[in-house]
Amino acid sequence: MNVTDLAHPAEEVAPELLGAVLAHETPEGTVRIAITETEAYSGAADPASHAYRGRTPRNAVMFGPAGRLYVYRSHGLHWCANIVTGTEGIASAVLVRAGRIVEGEDLARKRRGAKVESPRLARGPGNLCQALGITAEHNGTDLLTSAPVTLSEGEPVPAALIRVGPRVGVSRAHDWQHRFYLAGDPTVSAYRLSPRAKPSAGA
């Protein structure tokens, strides 16, 4: 599957996005990040999803069409970027958890801090958005047809490098195997189990 073909369930798209490039062009310059870690979230069947209880003004972008950027604020502190997938009208999105900067490292470091080590510049969804300069104003952006935020093909990722595991830091459906990441990549975020997490049934 290529990155222009996102009309599939999030758990199918999430591993395919590893290696794809998320970029943001600004007057300051361009930062491009090769995705190294993702998490899949669906709708009414996924207790950890923002769309679990239906459509709201906050989560409306999750309902499509595929290829839109869904941006939300986490814990009132950090912006998080999600790539909308699936069929229009049915909520489905992939959280971009981490990436490796392939262009614009100096600008990313300016945004993140001069002392931040290269592998940590876009490690974790909040740090990734900060490095890219993504905020609420980019919510709803069509990643496939319109700048300044775009998604494009990157270097192919060997299937042998892809690992699957439980989602990070969520209290509901945390044990669903919907997190995908590159084995041994230093940009991948550390796994953390939410202290509020409880065993759950599901995918």
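Note that the coordinates shown come from a computational prediction; the quantities given were computed from them, not determined experimentally. The figures here come from the full heavy-atom set of this structure, side chains too, leaving out hydrogens, waters and symmetry mates. Starting from 1, each residue takes its place in the sequence as its number.
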Answer yes or no: is there a side-chain heavy-atom contact under 4.5 Å between [X] and [Y]?
X	Y	answer
His8	Glu16	no
Ile35	Leu151	yes
Leu17	Leu6	yes
Leu18	Thr38	yes
His138	Cys129	no
Ile134	Thr141	no
Arg111	Val31	yes

Test item: [X] side-chain N/O and [Y] main-chain N/O as donor-acceptor pair under 3.5 Å:
X	Y	value
Arg109	Leu121	no
Arg112	Arg120	yes
Asn59	His50	yes
Gln177	Asp175	yes
Arg97	Leu128	no
Ser49	Ser42	yes

What pair of heavy atoms forms the shortest contact from [X] to [Y], and how long is it?
X	Y	answer
Ala98	Gly124	CB-N, 3.9 Å
Ala34	Gly19	CB-O, 4.4 Å
Asn139	Leu69	OD1-O, 3.4 Å
Ser92	Ala10	OG-N, 3.1 Å
Ile101	Ala131	CD1-CB, 4.5 Å
Glu88	Gly64	CG-C, 4.1 Å

Open item on the list: Under 3.5 Å, is there a donor on one side chain and an acceptor on the other for Thr187 and Arg100?
Closed with: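 The criterion, which ignores hydrogens and geometry beyond distance, is not satisfied for Arg100 and Thr187.
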
TODO: Say whether Thr30 and Glu103, considering side chains only, have a donor N or O and an acceptor N or O under 3.5 Å apart.
DONE: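 Per modelled atom types, Thr30 and Glu103 side chains form no pair under 3.5 Å.
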
Going by atom type alone, with no hydrogens or angles, which donor-acceptor pairs under 3.5 Å involve a side-chain atom of residues 157-168 and a protein atom two or more places apart or on another chain?
unit_1: Arg163; atom_1: NH1; unit_2: Ala160; atom_2: O; d: 2.7
unit_1: Arg167; atom_1: NH1; unit_2: Ala40; atom_2: O; d: 2.7
unit_1: Arg167; atom_1: NH1; unit_2: Asp46; atom_2: OD2; d: 2.9
unit_1: Arg167; atom_1: NH2; unit_2: Asp46; atom_2: OD1; d: 2.9
unit_1: Arg167; atom_1: NH2; unit_2: Ala173; atom_2: O; d: 3.2

Between [atom1] of [X] and [atom2] of [Y], what distance do you get to the nearest 0.5 Å?
X	Y	atom1	atom2	answer
Leu132	Arg32	CG	CZ	10.5 Å
Tyr52	Tyr41	OH	OH	15.0 Å
Leu77	Gln130	CG	CD	11.5 Å
Leu143	Ile83	CG	CD1	6.0 Å
Arg179	Glu37	CZ	CD	4.0 Å
Ile33	Glu105	CD1	CD	10.5 Å

If you group Ile, Leu, Val, Met, Phe, Trp and Tyr by side-chain heavy-atom gaps below 4.5 Å, do [X] and [Y] land in one group?
X	Y	result
Ile90	Trp176	no
Phe180	Val188	no
Leu182	Val21	no

Open item on the list: Parallel, tilted or perpendicular: which one describes the rings of Tyr70 and Tyr72, with boundaries at 30° and 60°?
Closed with: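 Judged by the thresholds at 30° and 60°, the geometry between Tyr70 and Tyr72 is tilted.
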
TODO: Determine whether more than 12 heavy atoms belonging to other residues, nucleotides or ligands lie under 6.0 Å from atom CZ of Arg58.
DONE: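 Above 12, so yes.
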
